[in-house]
2 protein chains.
Amino acid sequence: MSMNLPPLVQSFVLHFGEMGSRWGINRTVGQIYALLYVSPEPLCADEIVAALGISRSNVSMGLRELQAWSLVLLKHLPGDRRDFFTTPDDIWVILRTLAEERKKREVDPTLSVLREILIEQPASDIERHAQQRMAEMHSMIERLTNWYDDVKQLDQERLASLLTLGSRVTKLLETTDRIVSLGRKRRPATRD
Amino acid sequence: MSMNLPPLVQSFVLHFGEMGSRWGINRTVGQIYALLYVSPEPLCADEIVAALGISRSNVSMGLRELQAWSLVLLKHLPGDRRDFFTTPDDIWVILRTLAEERKKREVDPTLSVLREILIEQPASDIERHAQQRMAEMHSMIERLTNWYDDVKQLDQERLASLLTLGSRVTKLLETTDRIVSLGRKRRPATRD
DNA sequence: CGGTGATTTCAGAAATTTCTGAAATTACCA
DNA sequence: TGGTAATTTCAGAAATTTCTGAAATCACCG
């Protein structure tokens, strides 16, 4: 059984399928997501089966995976017993979810493993050096995640302007730089 | 054959191995990278074989993959015919490389597929709606990559201060906001 | 209740990815 | 040029992941 979709939609769905593997989700999950993303209306499982030409159980598992990622929403039509699925409308919401989930799966575990190893007592020069390197990695990741935690608090408007600012960030920093580094030199990181 | 490593190093290597799959590289590639990252000296292929207990050919393929990612450096010791491998010392260099390579593999292809689809003529309402959604996605990704392109130009010092600024970005933006949005309201996005 | 349709589960089949050992290639040296 | 050590290639084995169909479960309705 093969796909049954308008050409433009099909290209998009196929691409997301191929990309899926690079993104740590599998082909079908990628395709299901892509399909829901571009559909004007929520779809039920059987419609996905028909559109993508894959087994019903595969769709069920795919949707379950997407729900674990909080990337799809469950909708109910009145008087219809079936489950319907969509993606959030707001693409910024999608972006945030994606960032949050990837952080949870890809960086948090590493951070906690690093912390565990770093409290151990090194038993040799090799281990001492290894710990030193891990400490560097740990501190970088921590800086990045702290920054991310701050940025994700921003509302959409402000986030958008942070992005739009873009190339001008540099110039802004040049100004800020002096102020900040001045403050830093006096007393270490006084916050308020 | 099993691993032969100091306990702290082994924990780190095993974790990177497990994580590997979530990062789109495989277990051995993750392990090889982790091992090189914490080693005080460059290692040759046979040392990696001994340390990780995997086949010589597997190490060869792993190293080749890591080179494709520009994540390892090839070194030659004088009077020794073997190849030795390390990771870059500077963790910020590593971060930049990682970001660059992931962008190249994970976002650039999507961006170009989206562009291709967006120039097509929609043949139905379904396709029209799909294009609309893809345009939203395209514009968001483009904003993000533009921002990324700007930020990656920053030298380490400035990048560090951008990060350290962290929570204060918000406050800085509040000030900038008015200026920017003021400019926006008068005439649409006049830049200079 | 008992029936009906939607959904999930799960064991095994199919597909894909990873890993290995043996053979081929490369690079250097005498 | 021939010899030797290092490295790469690659076909198939092993492991892992994905997918399916059949059966089980769930949820609602009369």
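Letters A, B, ... mirror the listed sequences (proteins, then strands); counts begin at 1.
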[atom1] of [X] versus [atom2] of [N]: gap in Å, rounded?
X	N	atom1	atom2	value
B:F84	D:dA5	CZ	C1'	13 Å
B:H76	D:dA6	NE2	C1'	10 Å
A:D80	C:dT4	CG	P	19 Å
B:D46	D:dT4	CG	C1'	15 Å
A:K75	C:dT7	NZ	C1'	21 Å

Exercise for the section: On DNA chain C, check which nucleotide each of A:Q67 and A:R81 is closest to and give me the residue with the more 5' one. Expected result: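 Comparing both residues, the 5'-ward one is A:R81.
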Handout entry: Given C:dT7, C:dT9, D:dT7, the nucleotide with the shortest approach to the side chain of A:D83
Key =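 Output: C:dT7.
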For the side chain of [X] and the backbone of [Y], is there at least one donor-acceptor N/O pair under 3.5 Å apart?
X	Y	answer
A:Y37	A:T87	no
A:R27	A:G20	no
B:R105	A:R22	no
A:S60	A:R56	no

Exercise for the section: With heavy atoms under 4.0 Å as the rule, sort B:R82 into base, sugar-phosphate or nothing. Expected result: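 It contacts sugar-phosphate atoms only.
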Exercise for the section: Examine D:dT9: is either OP1 or OP2 under 4.0 Å from a nitrogen or oxygen in the side chain of B:R64? Give yes or no. Expected result: yes
Handout entry: Over 12 foreign heavy atoms within 6.0 Å of NZ, A:K75
Key =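 Result for NZ/A:K75: open.
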Write out a two-atom table: protein N or O, nucleotide N or O from nucleotides 10-20 of chain C, distance below 3.5 Å.
from   : atom 1 : to    : atom 2 : distance (Å)
C:dC19 : OP1    : B:T28 : OG1    : 3.3
C:dC19 : OP2    : B:T28 : OG1    : 2.2
C:dC19 : O5'    : B:N58 : ND2    : 3.4
C:dT20 : OP2    : B:S55 : N      : 2.9
C:dT20 : OP2    : B:S55 : OG     : 3.0
C:dT20 : OP2    : B:N58 : ND2    : 3.0

Exercise for the section: Only counting residues at least two apart or in another chain, list the ones meeting side chain to side chain contact (heavy atoms under 4.5 Å, CB included) with B:Q131. Expected result: A:L8, B:L118, B:E120, B:P122
